[in-house]
Amino acid sequence: MVKDKATVVVVGGGATGVGILRDLSMRGIDALLIEKLDMVNGASSRYHGLLHSGARYAVRDQEAAKECIEENTILRRIGKSCVEAISGMFVQVEGDDPDFVDPWVKGCAESGIKTREMSKEEALRLEPNLSRKLVRAFEVPDGAIDGFRMSWQNVLSAARYGGRYKTYTELIKINVEGGAVKSITVRDNVTKEEYDIECEILVNAAGPWAGKVAQMAGLDCSVSPSKGTLIAFNQRISNRVVNRLRKPSNGDIFVPHGSITILGTSSITIPDPEDTSTSWDEVEELMKTGEGVFEHLRDYRILRVFAGSRPLYVPKGADGGRNASRGFVTLDHEKEDGLKGMMTICGGKFTTYRLMAEKFCDVLAPKLGNTAKCRTAEEDLVPAVSEADKKAARQYFPSYGVNLAATRLGTDKFPEVVKTLKENPETREVLCECENVTMAEVMRIAQEPTSHSVADVRRRTRLGMGTCQGNYCAIRSAAIANKLFKDKLEGCGDSLSDMKNFLQARWKGITPVMAGKTLREAEMTRGMYEVLFNVNGGRR
Amino acid sequence: MELEERARDSADNCIACTSCVAVCPVTKANPDYRGPKLVGPAHNRMHFSDESDYEDSLKLCSNCKNCDITCPNGVSVATLNMLERAKYYKAHPEKHTQADQMLSHNFQMADMLKSIPFGRSCANLGMSIGEAMGMMGAMGIAPQRKSPRFATKYFRELYKEIKQPEGLTKEVLFFPGCFIDVNDPEVGVAFVKVMNANGYKVLMDDRFKCCGSPLVVGGYLDEARSHADSNVAVINEYAAKNIPVIACCTSCSLMLKAEYTELFAQEEMAQAAKNVYDAFEFLTILADQGELKKVQVSSDKKFIYHAPCHLRAQGMGMPAVDLLKEIGVNIDSADAGCCGMSGSYGFHKENYETSMKIGSELFDKINASGAHKVVCDCGTCREQIKHGTNAKTTHPIQVLAKAYEQ
Amino acid sequence: MSKSDVVVIGNGFAGLMSALVSADQGKKVTLLSYGAGTFPLNSGVIDVLGYDDSGKAVANPAQAVGAVADEHPYKKIGTQALEESVKFFQDVVAAEGFPYVGSLNEQQWLITGVGTLKPSCLIPESMQGSKCFEASEIVLVGVKGLKDYYVDMVAENLAKELGNDKKYTVVTVDPHYKGARDLTTKDVASWMDTDAGYSDFVSQVKESAGAGKVIVVPQILGLKGNVVWKKIVAELGCPVVETTAMPPSVNGLRLRDVLLSALKKKGITVIENSKAEEAVIEGSKAVAVKAGGEVRLQTYNADKFIVATGGFYSGGITMRDFGEAKEVIFGLPIECDCVEERWVNKQLFSDKKQTFAKTGVRVDATLRGVNESGNVVLQNVYVAGRNLSGYDFCFEHSGNGVALASAYKAAKA
């Protein structure tokens, strides 16, 4: 049954898909994005959150390096609410190849990336946790970017131009008639309902799943999912991005990210993009490399481990892995395979998501007779909450969360949350005390049509992503949010299973690092939920 | 430097277990305080955040250290609170009140008065008049309290008049601390007597400054650092000559032994700490080596002991009680938690109610004990006990000195 | 420092009970305290054995304890010591005016802070959830603004456990709280300790009380023993039941206060904030532990040592890197099956025990650490509580039971 239609349907709610949705919407093209789970649950949130300066690619791939620095500059301008405008460092430690430095400095200069060498003393003063085996240090304009927030802000920006989105909506069939895509069949993963959406052009932006989507149309598109494992530490180990100054390798990037630090990344080619498991060996490899940069690394508390799949496009005959290109391809299946109304975008990297969308839409738009120019670099993703509004909000906030909440919520929802806090003091309860998320904010996000579980709320609020890894906010958010989900939609899980699922998702990231200080936390989690709350129920 | 010694890094150990909140006396007494874990440790993770976002209740921590005592993970919770407070005042110096200024800089006032003829008498008179006229409240100081009076002669002056026996070969350096120096010099005199009786000559060094504890609590961290640097230099100088440094005030000794390193993470501070002893800690060591002068008390006068939180935080039990019991003093610990004063905390007008609420359990126990005197190592705890009860107070070193006199 | 007969290391439930039993034997006891054990978290209930190895609810703990696997601490402790320890505990708390109900022959049922049921063995009078079984109406009391107790959620889950043939009524009490921070159960309990707070609460609940009903409240009935509970039950004329709670757990603190009071009466020396760091060993005996303290360690000599420093949570057992688990003071032998395939169950709330949770000191029936050939390594060092290997207290609900029984046995040895 046809239930919906759109000129363009974009499949995939990662950085690529949301970039295209925004670009198309700003060009005035009617577009609908579908995502099988919640927005940004794939590689766009499962990465280290680095806004590349391009310096990492300066030796091997200057074209990528140039793209990075240009996009880095644009994102710092348009994405103030999702970019942490910090800087970065490249550090060489004893044992690293000294001959790598000169070509790297030269490569950066040629790519337009500013570097500044600093003395060892300055480097250690700026970043006191750095290894005493430091040899040389350079400053570069790396930054940090929040994948969840960036993606949502693209979606919300698109929505202002008429762009639409549906989460928990999974593509299950591509309906082709007369050599052209006519419609798609989707399944609502919450209600299990299946229905058709008509479209003129189907955009396959499914990242590591792009090969599977192509298959539904009988096409062969070779994507090699490459798993990257990352470790999240409990605190900011440094205030700058810290890269190892050597040939790019596993485990040599540290990105401070809000209150935490992310160390990445490994690179393992895997058959199934759903595989986000992590072995002890992978963790050990990252730690071993990482402690070259921060010598006390093993004493810092690990919050969790997570993994994502990079969508590396493999031209026929090439191999995948770290040597595969980080560049992207646009496949017009009309040209390549004779199938009208379907295009695939594949590969690329987070930092250049906007540019990828621009280039892709430059091909797509003319097919629809649209000649509008790309405007995505000209306008902020979301208007920033004004200082005056923040100042006014401070008297109602129970704690020091105003700036954080303002960047999370943006101009549309921030005033609503402040109003709730003002009018209903009970909602000032801080549900997540690690990341300072109030009850009012959780309630507001829970009411969003895209929120069906506490986990959905988590991705938009950072609830449960701090020190206690959900120990305290699980009960609070399940109790508060679950009621609201039920009001909205029948078929939502009950509060107890929502709470258990939320903690289970946290557990997944904790199990591969069940050693050191993590064991303390785990014993406490179980003591609280298994013993005190007996969540498995009474007379089992 | 070991990671554990750095307060900033110790925050990483906090798993939000809530043990600190469960025992925090301020949390119990004041519903505006969010509790230790949510101030220092939690805020510390947010140091990337905007300076205009701060935890409002960070001003309410009394730095009594009960959180540190209860933390199972070695987090220097109270020190983290102080670091957050310092950061806040650095960004907002205008928020410092007159009371903050005065209570943190008592040592300046003391020095100034000493240089003026009759300065101290006039100041004491002024305080009496001020208290009578209710002027303290206007300055932000709890009007219900009687401020400690300046002694006519400070300990540093009295010291010069004491004739220590000739021929003492062993030496210790005394760190009197502000309260003993300017408000309660008799404690210092008793200390000299006790040490002399045990064969030690007591030295003084005029270069010692206030330990800095009131500065830290007031949010004047840079000033505290300069005090720390100069005190540490003096301590290390004596360490090189094998002369230990001894304090009778448990807040001073905690500062010198632990807090300098926690706050500022300097190797020389950790070094200096090894040469600092609390008086009864030192005497216990002498006793263990069989070198303490033997004495037996015959009086059965009953004493009740209040253990200052800053002694309990030092993790060595109650050496004064053990030692006094050993020589036959009838003394028992009140075991009633914090007295609520916590240095200058209870002197602030806005903390007065909290302070007295915290102290109520102790006051009740003292009142019910029928004890002759309350024994306590900390000067401001003694002020609080005098204020909250009608009991007489004394420092344990004075009890010991008296025992030696018999 | 004068020598003690016994030095107990750790002030969790196992540590305090070890000290009390030792003192009861006429020993001079010093207790080195660090942290506060799990009292702020554990709701102060004594689970002995809630579930067997297959996850089946245990009806008779005494019987089930007899059937545990060889590796389990109960096997080594034996049922006799368990029985004696239960009696000892009940005598101690009763003497302090805070009696616990229950026996080894049946389970007590608690209502948890999320509304599920939980089996336990010895519980304070204020937490007897079984009172709900026969009631026709359950009145669930919420407190306005109270964090970590969400009365609707409790009602939802309790109805699932007890069935819909009962009536469930929700009453929300307003404590007229003015503080700037979120309200905890401990705050409400303090309020209930005041005369004004108590009468205010009663006046808001009284109408909903009555015969045939049970009032379920969060853990808020005062900070001191059972004083408020006794008063309110008499006044409302129907059972009043407290749930388990998120930390800070009021009943955990009540139990701690009561035990500390008993310790003081026994003349036990407690050294606060004193983390034991190392042991002095002579031959096959320990002669002292060194603990501290800022700057310098103090030496505590004794004839006998009881290690009750807890597991991973409390830091008695650590494992910085995989496979390198340690008992941190005496270096006692550790049982640790650290193999990637089975170390952690992929499910948090699993249907089997977590291997990592069973990590602990390998002991014999005397509760002394033994090497792989079964020989005692230190003749006078005994182990109690979560330091022990071979059980997953979360899965079985056996934490404080093992702590109590092992403390008793270690102290009697």
Side-chain angles (χ1 to χ4, degrees), chain B residues 13 15-24 27-35 38 56-57 60 65-66 68-74 253-254 256-259 261-262 270 273-278 281 284-285 287-288 307 309 311-319 321-322 326 332-333 335, chain C residues 1-2 10-12 30-41 148 175 177-184 186-187 189-191 223 246-250 252-253 256 260-261 263-264 269-276 291-301 309-310 313-316:
Chain B
N13 288 343
I15 57 169
C17 74
T18 311
S19 298
C20 57
V21 179
V23 300
C24 170
T27 308
K28 189 176 171 193
N30 187 342
D32 289 338
Y33 183 50
R34 290 187 73 213
L38 295 177
D56 205 28
S57 72
L60 297 177
K65 308 271 181 199
N66 278 282
D68 294 32
I69 294 172
T70 313
C71 178
N73 287 338
S253 59
L254 182 69
L256 304 178
K257 282 165 78 174
E259 290 182 88
T261 317
E262 285 175 8
K274 292 182 187 152
N275 197 40
V276 179
Y277 298 81
D278 164 73
E281 178 187 19
T284 302
I285 293 172
D288 285 349
C309 300
L311 169 70
R312 292 166 50 217
Q314 293 188 32
M316 52 191 197
M318 301 176 201
V321 175
D322 293 345
E326 197 73 29
D332 196 17
S333 166
D335 287 344
Chain C
M1 196 74 56
S2 59
N11 64 325
T30 298
L31 182 129
L32 303 180
S33 129
Y34 189 75
T38 57
F39 287 111
L41 285 84
D148 296 336
Y177 179 69
K178 298 270 184 318
R181 70 146 181 271
D182 297 335
L183 189 64
T184 66
K186 194 176 171 219
D187 293 325
S190 294
W191 178 66
L223 293 171
M246 286 277 273
S249 125
V250 168
L253 298 174
R256 180 173 185 245
L260 286 174
S261 157
L263 244 70
K264 190 169 164 67
T269 306
V270 178
I271 311 288
E272 287 183 295
N273 204 23
S274 182
K275 188 178 189 183
E294 305 295 354
V295 184
R296 56 189 71 85
L297 299 177
Q298 315 279 324
T299 303
Y300 298 92
N301 296 291
T309 49
Y313 168 76
S314 299

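In this text, all values refer to a predicted model and were calculated from it rather than measured experimentally.
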### Message
On a heavy-atom basis, which atom in B:A22 and which in C:P248 lie closest, and how many Å separate them?
### Response
CB-CB, 3.8 Å
### Task
Could you have a look at B:D56, B:L254, B:V23, B:V276 and say which one has the most heavy-atom pairs with chain C under 4.5 angstrom?
B:V276
### Query
So, does B:D32 use its side chain to make a donor-acceptor pair with the main chain of C:G179 at under 3.5 Å?
no
### Summary
Honestly, the part of C:L223 sitting under 4.5 Å from a heavy atom of chain B is side chain
### Query
With a 4.5 angstrom heavy-atom cut-off, which part of B:S57 approaches chain C: side chain, backbone, both or neither?
neither
### Task
For residues B:D332 and C:K264, determine if any side-chain heavy atom of one lies less than 4.5 Å from a side-chain heavy atom of the other.
yes
### Query
From B:M318 CE over to C:E272 CD, what is the distance, rounded to the nearest 0.5 angstrom?
6.5 Å
### Message
Please rank C:P247, C:A291, C:G315, C:G252 by heavy-atom pairs under 4.5 Å with chain B and give me the top one.
### Response
C:P247
### Message
Please classify the contact of B:E326 with chain C as side chain, backbone, both or neither, using a heavy-atom distance under 4.5 Å.
### Response
neither
### Query
B:C17 versus chain C, heavy atoms under 4.5 Å apart: side chain, backbone, both or neither?
both
### Query
Which heavy atom of B:D68 sits nearest a heavy atom of C:N273, and at what distance?
O-OD1, 3.7 Å
#### Entry: Separation of B:I69 CD1 from C:S274 OG (nearest 0.5 Å)
12.0 Å
### Task
Determine the option with the most heavy-atom pairs under 4.5 angstrom with chain C, choosing from B:R34, B:K257, B:R312.
B:R312
### Query
C:P40 versus B:S19: any side-chain heavy-atom pair under 4.5 Å?
yes
### Task
Start with the C-alpha distance between C:L297 and B:M316, add both sets of side-chain angles, then the distance that settles side-chain contact (heavy atoms from CB on, under 4.5 Å), and finish with yes or no.
CA-CA 8 Å; C:L297 299 177; B:M316 52 191 197; over 6 Å; no
### Query
What distance separates B:D335 CG from C:L260 CG, expressed to the nearest 0.5 Å?
9.0 Å
### Task
List the steps, then state whether side-chain contact (heavy atoms from CB on, under 4.5 Å) holds for B:I15 with C:Y313.
CA-CA 10 Å; B:I15 57 169; C:Y313 168 76; 3.9 Å; yes
### Message
Whether the side chain of C:R181 engages the backbone of B:Y33 through a donor-acceptor N/O pair (distance < 3.5 Å, no angle test) should be reported.
### Response
yes
## Note on the structure
In this structure, NZ of C:K186 is separated from SG of B:C24 (nearest 0.5 Å) by 8.0 Å
#### Entry: Proximal component of B:A273, with respect to chain C [non-hydrogen, under 4.5 Å]
both
### Task
May I ask you to decide if B:P31's main-chain N or O and C:Y177's side chain share a donor-acceptor pair within less than 3.5 Å?
yes
### Query
Are side-chain heavy atoms of B:T284 and C:Q298 found at a separation under 4.5 Å?
no
### Query
Looking at CZ of C:F39 and OG1 of B:T70, how far apart are the two atoms once the value is rounded to the nearest 0.5 Å?
13.0 Å
